[in-house]
Peer 1: 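Sharing a structure with you now.
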Amino acid sequence: MTNELGRLEDLPADYVAALRERNLVPLWPSLRGVLPPRQPTRQTRPTHWTYADIKPLLLKAGELTPIEKAERRVLVLANPGHTLEKMQASSAMYLGMQLLLPGEWAPSHRHTPNAVRMVVEGEGAWTTVEGEKCPMERGDLILTPTGLWHEHGHDGADPVIWLDVLDLPLAYYLEVSYHLNGARQDTKPGEGQRNYARAGVVPTPVFGRSGRRYPLLRYPWADARAALQSLAANQPDLAHVQVTYVNPETGEDAENILGFHALMLRPGQTLALPARSPAVVYHVIEGGARVTTESQGFDLAPADTCCIPGYAATTLSNLSDTVPAFVFVADESPLHRKLGVYEVRSGDQPSMPSQS
Ligand code: GTQ
């Protein structure tokens, strides 16, 4: 088998023109481009967005653009490898920093892409999802999965900022991305996280478990943080102190496409992660972390965010020798697992999955 395949220039121009007129393309000049050897071509570039850069520009957007003219006042964290216009962090992930000012309201809508919010700063805001009013506090994860009504409001005194993570690039690529607007939601009493207050036990009214795909919409940071600290204390030799946000009734990933995790780096810890197929987003909740991949390294301060392409081994280091660092992780692993392309490599070796 030769590696030197025929080029487009090797073909007579009138032949290529005849093909093109009929919407036909010869494969062989492009075969190595779409099926490269050993490692996929990735447009996603390692990219770091600092909160120090984002916050003043987002607050400026609050002065320049009223909420009525924005609907969602968001600065998108765009990966230059995909071109900024595409507004994507990776092939399947979209990231945005959203600002809501006191008294503002971002009206109710629903859409096909799945979203989550990771609350960065400020108090008094809430997101209502299908009638459940979810308070937004630092580090909370709030789901707004595909098709569920959601709106944001703010009764507090200071600006509130959060990170949006959506699978919008995938939905757009699939030509299934659209939204519907709705009226302000009536809120119902109760908070989902009080139904699922402890791991290992779930409510079972007479008919059994709820069977809802999204029984839990708000994952308070205080609970995820406590889970990480308990895990770290219970397993002093465990290197990968990580929890995954799941459906508390089934243990399945919280959403269908993107995966969400919280990771703790012990004081002074360096954690080497193998190359895996999904792209990964790291966002610091507390402390500081150095993220190193291939030839790049980023020092992440609180509320900083970075994106790392798939198939790239990554090392995470706590920047402090005295306090833990807490990192929110979003990745494309549920999607890759469902598609059968999820891969963990040891060293440089491809370990192409197969389901024979
Ligand atoms: O808050 O509903 O960053 O619909 C992008 C699209 C946020 C939202 C985004 C959205 C939202």
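For ligands, and for the atoms within them, numbers begin at 1 and follow the listed sequence.
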Peer 1: Supply the atom-to-atom distance H82 NE2 to C307 SG, rounded to the nearest 0.5 angstrom.
Peer 2: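 Interatomic distance, H82 NE2 to C307 SG, rounded to 0.5 Å: 7.0 Å.
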
Peer 1: Tell me the protein heavy atom at minimum distance from atom 5 (C) of ligand 1, and give that distance in Å.
Peer 2: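 Scanning the protein heavy atoms, the shortest distance from atom 5 (C) of ligand 1 goes to Y94 OH, 3.5 Å.
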
Peer 1: Which residue and non-hydrogen atom of the protein lie closest to atom 6 (C) of ligand 1, and at what distance in Å?
Peer 2: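 For atom 6 (C) of ligand 1, the nearest protein heavy atom comes out as L166 CD2, 4.0 Å.
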
Peer 1: Is any side-chain heavy atom of L77 closer than 4.5 Å to one of L75?
Peer 2: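 Of all side-chain heavy-atom pairs linking L77 with L75, none is under 4.5 Å.
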
Peer 1: Near E175 CD, under 6.0 Å, is it more than 12 heavy atoms from other residues, nucleotides or ligands?
Peer 2: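 Result for CD/E175: open.
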
Peer 1: Any ring pair (Phe, Tyr, Trp, His ring centres under 6.0 Å) pairs touching residues 220-264, not counting sequence neighbours?
Peer 2: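 Matches after skipping sequence neighbours: Y219-Y245, W221-F326.
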
Peer 1: Tell me whether the rings of H152 and H150 are parallel (<30°), tilted (30 to 60°) or perpendicular (>60°).
Peer 2: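 Geometry flag for H150 against H152: tilted rings.
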
Peer 1: Which pair of non-hydrogen atoms, one from G122 and one from V160, has the smallest distance, and what is that distance?
Peer 2: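 That would be C-CG2, 3.7 Å.
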
Peer 1: Contact between ligand 1 and E71 is defined here as a heavy atom of the residue under 4.0 Å from a ligand atom; is it met?
Peer 2: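 Outside the 4.0 Å threshold, so no.
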
Peer 1: Under 4.0 Å from a heavy atom of R117: which atoms of ligand 1 are those, numbered in the order shown and with their elements?
Peer 2: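 Answer, ordered by atom number: 1 (O), 2 (O), 7 (C), 8 (C), 11 (C).
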
Peer 1: Does anything in residues 250-262 pair up under salt bridge (Lys or Arg N to Asp or Glu O under 4.0 Å), and if so which pairs, sequence neighbours excluded?
Peer 2: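 Qualifying pairs: none.
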
Peer 1: With a cut-off of 4.0 Å, which atoms of ligand 1 are near a heavy atom of V74?
Peer 2: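 Close to V74: 3 (O).
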
Peer 1: Would you mind checking which non-hydrogen protein atom is closest to atom 8 (C) of ligand 1, with the distance to 0.1 Å?
Peer 2: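 Residue, atom and distance for the closest contact: R72 NE, 2.9 Å.
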
Peer 1: Which of the numbered atoms in ligand 1 are under 4.0 angstrom from any heavy atom belonging to Q98?
Peer 2: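 Numbered from 1, ligand 1 contributes 1 (O), 7 (C).
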
Peer 1: Under 4.0 Å from a heavy atom of H109: which atoms of ligand 1 are those, numbered in the order shown and with their elements?
Peer 2: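 So the answer, numbered in order with elements, is 2 (O), 4 (O), 8 (C).
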
Peer 1: Judged on heavy-atom distance to atom 10 (C) of ligand 1, which of E151, R110, H111, H179 sits nearest?
Peer 2: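 Looking at heavy atoms only, the winner is H111.
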
Peer 1: Work out which heavy atom in Y342 is nearest to a heavy atom in S333; give both atom names and the distance.
Peer 2: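 Taking every non-hydrogen atom into account, CE1-CB, 3.7 Å.
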
Peer 1: Can you figure out which of L77, D164, L168 has its heavy atom closest to atom 9 (C) of ligand 1?
Peer 2: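 Heavy atom nearest to atom 9 (C) of ligand 1 belongs to D164.
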
Peer 1: At under 4.0 Å between heavy atoms, is it the side chain or the backbone of H152 that contacts ligand 1, or both, or neither?
Peer 2: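 Near ligand 1, H152 shows its side chain, while the N, CA, C and O stay back.
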
